[in-house]
Peer 1: 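Pasting a structure below so you can have a look.
Just so you know, these numbers come straight off a predicted model, no measurement behind them. Numbers restart at 1 for each chain; the letters A, B, ... are given by sequence-line order, proteins then strands.
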Amino acid sequence: MDATNRTVADSLVAMGELLEIKGEDPFKIRAFYRAAEEIGRLPRSVAGMSTDELMEIRGVGKAIAQKIQEIVRTGTFTELEEVRGTIPSTLIELLDVPGIGPKTVNRLWKKLGILTLDDLERAARGHRIRAIGGFGEKKESDMLQAIQIHRSRSRRMTLLEAEKVIAKITAVMQPGTFAVAGSYRRGKSTIGDIDIVSTEHPQALRQRLLAASDELIDEGERRTSVRVDGQRVDIRFTDKRQCGSMLVYLTGSKNFNIRLREIAIGKGWRINEYGIEEREAGGSREYETEEEMFAALGMSYVHPHQREDRGEIALALRHALPEFLHAAEIRGDLHVHTTMSDGHHTPAQIAEKGAQKGYEYILITDHSASLGIAEGLDTAGLESQRRAIDAVNTDSSCTLLHGVEVDIAADGSLALPNSALSALDLVIASVHGGFRQEPDVMTRRIITAIENEHVDIIGHPTGRMLGERPASAMDMERVIDAAAENGTALEINASPYRLDLDDEQVKNARDQGVKLALGTDAHDIEELQFMRFGVITARRGWCRKEDILNTMTLGELKEWAS
DNA sequence: GCCGTTTTCGGCCCGACTGTTTTCAGTCG
């Protein structure tokens, strides 16, 4: 995201958090969060936008538009600094502790002078919390436990980690009685917790759930929450007749559900997880499937991958949702390593696995020699690899294309000469070091690579490693424009540790007519299965078949590259 | 603070679960 937009969004969120602690009007607070969210996903930089232009952004009115302009100029805004003068900013950290909200933070601060996590821990250990009205012993010990959980906070799961947790918990559930919902079902790149809908009886499932989990967080008649491998799992119990509304509710996203409920209000209805009620008449309807519920709202079915309130609801109401990419349309993998750099398998083994998967082609892209972390190929190495690939291709239903993943140096130059690159079928260029350059330097570095006529695809464009390394700061709008101008594709790196570009960047690139290339970055033939994560990310980025290089036939792909 | 196919004022999604102040506020998703 643009660095300025990040600053603006962060300031607006900080304002919201401080106002919550202050006890301001919840709707005013939500307005700040909503505006921050919209700014965060905006492809354009807000720097330099006029008040009128800013007010065209959803959730931005005159007041916030002026605050945004002030943040662009000064890095903050007057009201935020004023609130900071009355409410210590350190209190925001306390909001992250599970079970502690703004009201609690306010009282802890005013009554006990608690400003930090350490203050809170000392107060709880010293049994000073229970002295305030409204808090008892249980609350005190819960807080101590919550502080521990917060400190050892397990970061958000990758999709692979989420699948391990899901496998563990659903192993004790009866086949056909459950469905996984939540952000996993929507295919988000990282997952905070697991949500499951179950039609079993809570009491019947209780013992099995306990046996499969580390800890019971809480349980009621309709919901049980447990911890598995340090991660929260919520199981929501429902009747088969209400499965549809429960799945919609539990799948989210939150903003998508809010929009659905607003639509229902316009019709005089109320949506909840049990179905749709008529506000006046009091009648209610149940939906066994999601499809029936969408139909009742007068919309086409919205697939979970699109349920983010990014414009899909308006299209569904007009029955104008496009057909998005399907996994079956993928004809090959466009980023795979072999033993000739840091991969574990030979070209022959990769071709065999590709054939098993029904692929028409796989693009072999070993690292270039400059790269310190991996044994890379120089010009001579590429020539010998060409012979190895030709030999495999004489006898394989899956054609190996010869490419390279050439390193983009700090100044944007490439680690192999153009003469070597021109002999290849396709060239990926990627950044593998110096991730923390100044945004403008990084932007120019990538654009320089995009402008090289031999470069076909920019690999993992932001360099992020989920939970490990943030995306490099750069002006993605300029990168996308340059890719569009030069006909260079951007990669959707399908590795569950990367998923780079992310879904929103994919959508922005797609909207500008940039082609996207799906590559697993496999270093082992088992990792070719990561393609499914790339397909999901492409779908979340609203890609249709024609936006994706990998849906081309071998002939079309060669034609595109030449 | 935002917003408008009843509205420029008066709304703003909806419910589960917990602890504790026994009827509900706070937190969470």
Peer 1: Phosphate oxygens OP1/OP2 of dG1(B): is one of them under 4.0 Å from a side-chain N or O of Lys67(A)?
Peer 2: yes
Peer 1: What distance, rounded to whole Å, do you find between the two C1' atoms, one in dG11(B) and one in dG19(B)?
Peer 2: 32 Å
Peer 1: Looking for any heavy atom pair under 4.0 Å, which part of the strands does Arg270(A) touch: base, sugar-phosphate only, or nothing?
Peer 2: sugar-phosphate
Peer 1: For dG15(B), take OP1 and OP2 only and decide whether either is under 4.0 Å from a side-chain N or O of Arg236(A).
Peer 2: no
Peer 1: Ignoring backbone atoms, test whether Arg261(A) places a side-chain nitrogen or oxygen under 4.0 Å from the OP1 or OP2 oxygen of dC14(B).
Peer 2: no
Peer 1: Could you tell me the separation between the CD atom of Glu20(A) and the C1' atom of dT27(B), rounded to a whole number of Å?
Peer 2: 11 Å
Peer 1: Sort me out a list of protein N/O and nucleotides 8-11 of chain B N/O pairs below 3.5 Å, or just none if empty.
Peer 2:
none

Peer 1: Angle class for the Phe294(A)/Tyr301(A) ring planes (parallel below 30°, perpendicular above 60°, tilted otherwise)?
Peer 2: perpendicular
Peer 1: At under 4.0 Å, does any side-chain N or O of Asn272(A) touch on OP1 or OP2 of dG15(B)?
Peer 2: yes
Peer 1: Using modelled atom types only, decide if a donor and an acceptor are shared between the side chain of Glu70(A) and the backbone of Thr78(A) within a distance under 3.5 Å.
Peer 2: yes
Peer 1: Using atom C1' in both nucleotides, what's the gap between dC2(B) and dT8(B) to the nearest angstrom?
Peer 2: 12 Å
Peer 1: Which part of the nucleic acid, if any, lies within reach of Leu260(A) when heavy atoms closer than 4.0 Å are counted: base, sugar-phosphate only, or nothing?
Peer 2: nothing
Peer 1: Check this one for me: any side-chain N or O of Ser225(A) less than 4.0 Å away from OP1 or OP2 of dC17(B)?
Peer 2: no
Peer 1: Taking 4.0 Å as the cut-off, does a side-chain nitrogen or oxygen of Tyr33(A) come that near to OP1 or OP2 on dC12(B)?
Peer 2: no
Peer 1: Looking at Arg236(A), is its backbone amide N or carbonyl O close enough to the side chain of Arg222(A) to form a donor-acceptor pair, meaning the two atoms are under 3.5 Å apart?
Peer 2: no
Peer 1: How far, in whole Å, is dG1(B) from dT6(B) if one measures between their P atoms?
Peer 2: 28 Å
Peer 1: Does a side-chain N or O of Lys254(A) approach OP1 or OP2 of dG29(B) to a distance below 4.0 Å, or not?
Peer 2: no
